[in-house]
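Residue numbers start from 1 in every chain, and the chains themselves are labelled A, B, ... in the order their sequence lines are given, proteins ahead of strands.
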2 protein chains.
Amino acid sequence: MLTITDVSRRSGVASSALRFYEERGLIASERAGSGHRRYPRSVLRRIAFIVFAQRIGLTLEEIGAEFTKLPADRVPSRRDWSRLSGQWTKRIDQRIAELQRLRSGLTECIGCGCLSIDRCSLANPADMAGRKGPGPRYWLG
Amino acid sequence: MLTITDVSRRSGVASSALRFYEERGLIASERAGSGHRRYPRSVLRRIAFIVFAQRIGLTLEEIGAEFTKLPADRVPSRRDWSRLSGQWTKRIDQRIAELQRLRSGLTECIGCGCLSIDRCSLANPADMAGRKGPGPRYWLG
DNA sequence: CTACAAGTTCAAGTGAACTTGAAGTCAAGC
DNA sequence: GCTTGACTTCAAGTTCACTTGAACTTGTAG
């Protein structure tokens, strides 16, 4: 069993963040008699997945939703994890595709001089249909 | 000259956001006698660039810094704009490269079972060296 | 036994990019 | 002349993913 500092050092994630993840139900801990947290080694893989998923662009809420697909009664196997990650590959591909569109737009569309918002397909309102509601909007779409 | 609603409709950017951009010095307006904003058509291209740059991953502050490279005394030409965007292509390429690394990591690294945070090169602390300071961290790096 | 490092909870702060609300002014149609 | 809608400013609220600080308790090395 690992202390919170152990986990923090091995994962590169701050202890405050680990407590935060726990509060959000993304990870769990047992307690020593003192009230201090004790983590099983399996938590490291779970945290790795959180970090990974974030870099791909999932929010903590989405990550939590993914985790409900894991078996609750046992430590997840390699198969369990890879079932989850299958969906993510699709997401990465979409993101790469968008970036490639943007990239070709930079050379073509600016080159052709059409970068006026109402005509250019790269920066028109239709592309922004997904943006709604308050708060910061990530370019992830 | 366009009203704020004209610009909002043509750009897909809310009027509140346009006022916000103006406050941040990203766009400018003249005023009608009434005090209402009036925009020259050239503001549309400027806004297109803001939207574009955001989808690539630049912050408003970075976008502002880019804009200082534009001529202050005249409406920017096509050449002026494309000089700016040259840098962005590099940035997109880096981002695509990272996503491709993540993508191959999903199949290879999880397949091989090494996704324990301290051994896997895809989710280790070294990759997170750039993350520091408070606030949300975007996966842009 | 005493430092002091490491742990705890809970409330409040942070930064980015806006949005929302209040309270008031201005313009256009009937 | 009046209503309706568009516009103004300014302050405060929102989301996300945390961090920071206060006040306190536990564990460990000398």
Side-chain angles (χ1 to χ4, degrees), chain A residues 1-39 47 49-65 128 130-141, chain B residues 1-39 47 49-65 128 130-141:
Chain A
M1 299 296 263
L2 308 161
T3 68
I4 197 167
T5 320
D6 290 338
V7 174
S8 171
R9 205 176 43 245
R10 294 182 81 84
S11 67
V13 174
S15 338
S16 62
L18 294 174
R19 291 196 199 93
F20 179 72
Y21 290 161
E22 186 170 328
E23 201 182 332
R24 287 301 206 78
L26 293 174
I27 57 175
S29 64
E30 286 161 35
R31 297 302 177 112
S34 58
H36 291 187
R37 286 172 178 79
R38 287 301 123 90
Y39 296 95
I47 294 167
F49 236 69
I50 295 173
V51 170
F52 209 109
Q54 281 188 298
R55 294 190 77 75
I56 288 166
L58 287 97
T59 64
L60 290 186
E61 198 176 331
E62 289 174 307
I63 295 169
M128 304 173 65
R131 313 174 128 230
K132 49 174 192 248
R137 283 78 181 282
Y138 305 97
W139 57 289
L140 309 168
Chain B
M1 298 296 264
L2 308 161
T3 68
I4 197 166
T5 321
D6 290 337
V7 174
S8 172
R9 206 176 43 247
R10 295 182 80 84
S11 67
V13 173
S15 339
S16 61
L18 295 174
R19 291 196 197 94
F20 178 71
Y21 290 161
E22 185 171 330
E23 203 182 332
R24 287 302 204 78
L26 293 174
I27 57 176
S29 64
E30 286 160 35
R31 297 301 176 113
S34 58
H36 291 186
R37 287 173 178 80
R38 288 299 124 93
Y39 296 95
I47 294 167
F49 236 69
I50 295 173
V51 170
F52 210 110
Q54 280 188 299
R55 294 191 74 76
I56 288 165
L58 287 100
T59 64
L60 291 185
E61 197 175 332
E62 290 173 308
I63 295 170
M128 304 174 66
R131 311 173 130 230
K132 48 173 190 252
R137 283 77 179 281
Y138 305 98
W139 57 290
L140 309 169

Would you kindly give the CD-to-P distance between B/Glu22 and D/dT8, to the nearest whole Å? 9 Å
Of the candidates C/dG7, D/dT20, C/dA17, the side chain of A/Ile4 sits closest to C/dG7
For a quick test of your reading: what N or O donor-acceptor pairs under 3.5 Å do the side chains of residues 30-38 of chain B make, sequence neighbours left out?
residue : atom : partner : partner atom : Å
B/Arg31 : NH1  : B/Gly35 : O            : 2.9
B/Ser34 : OG   : B/His36 : N            : 3.3
B/Arg37 : NE   : B/Glu22 : OE1          : 2.9

Length of the line joining A/Ile27:CD1 and D/dC18:P, which is rounded to integer Å: 11 Å
Does A/Gln54 put a side-chain nitrogen or oxygen below 4.0 Å from OP1 or OP2 of D/dC18? yes
Taking the side chain as every heavy atom from C-beta outward, state whether A/Ile47 and A/Arg10 have any pair of such atoms under 4.5 Å apart. no
Between CG of A/Leu18 and C1' of C/dG7 the distance, given in whole Å, is 13 Å
Name all residues meeting the side-chain hydrogen bond (donor to acceptor under 3.5 Å, both in side chains) criterion together with A/Ser8; count only those two or more places apart in sequence or in a different chain, and write none if there are none. none
Round to the nearest Å and state the distance from B/Leu60 atom CG to C/dA17 atom P. 4 Å
Check the distance between D/dA17's C1' and A/Glu23's CD and give it to me in whole angstrom. 12 Å
How is A/Thr3 classified with respect to the nucleic acid when contacts are heavy atoms under 4.0 Å: base, sugar-phosphate, or nothing? sugar-phosphate
Nearest-Å distance for atom pair CG/C1', residues A/Leu2 and C/dG7: 15 Å
For A/Thr5, enumerate each residue passing the side-chain hydrogen bond (donor to acceptor under 3.5 Å, both in side chains) test, keeping only those at least two apart in sequence or located in another chain. none
Output all residues satisfying side-chain hydrogen bond (donor to acceptor under 3.5 Å, both in side chains) with B/Glu62, sequence neighbours left out; order by chain, then residue number. B/Thr59, B/Arg91
Please report the distance, rounded to the nearest Å, between CZ in B/Phe20 and C1' in D/dA12. 14 Å
Is any side-chain heavy atom of A/Leu26 closer than 4.5 Å to one of A/Phe20? no
Considering every strand and a 4.0 Å limit on heavy-atom distances, what is the contact class for B/Thr59: base, sugar-phosphate, or nothing? sugar-phosphate
For nucleotides 27-30 of chain D, tabulate all protein N/O to nucleotide N/O atom pairs closer than 3.5 Å, reporting atom names and distance.
residue : atom : partner : partner atom : Å
D/dG27  : OP1  : A/Ser34 : OG           : 2.9

Should B/Arg31 be listed as having a side-chain N or O under 4.0 Å from OP1 or OP2 of C/dT25? no
Measuring only between side-chain heavy atoms, which start at C-beta, is B/Ile50 closer than 4.5 Å to B/Ile27? yes
Would you say D/dA17 has OP1 or OP2 under 4.0 Å from some side-chain N or O of A/Tyr21? no
Could you work out which one of C/dC18, C/dT9, D/dT9 sits closest to the side chain of B/Arg19? D/dT9
Among C/dT8, C/dT19, D/dT19, the nucleotide that comes nearest once only the side chain of B/Ala14 is considered: C/dT19
Nearest-Å distance for atom pair CD1/P, residues B/Ile63 and C/dA17: 7 Å
If you only use heavy atoms from C-beta on, which nucleotide in C/dT8, D/dA17, D/dT9 is closest to the side chain of B/Arg37? D/dT9
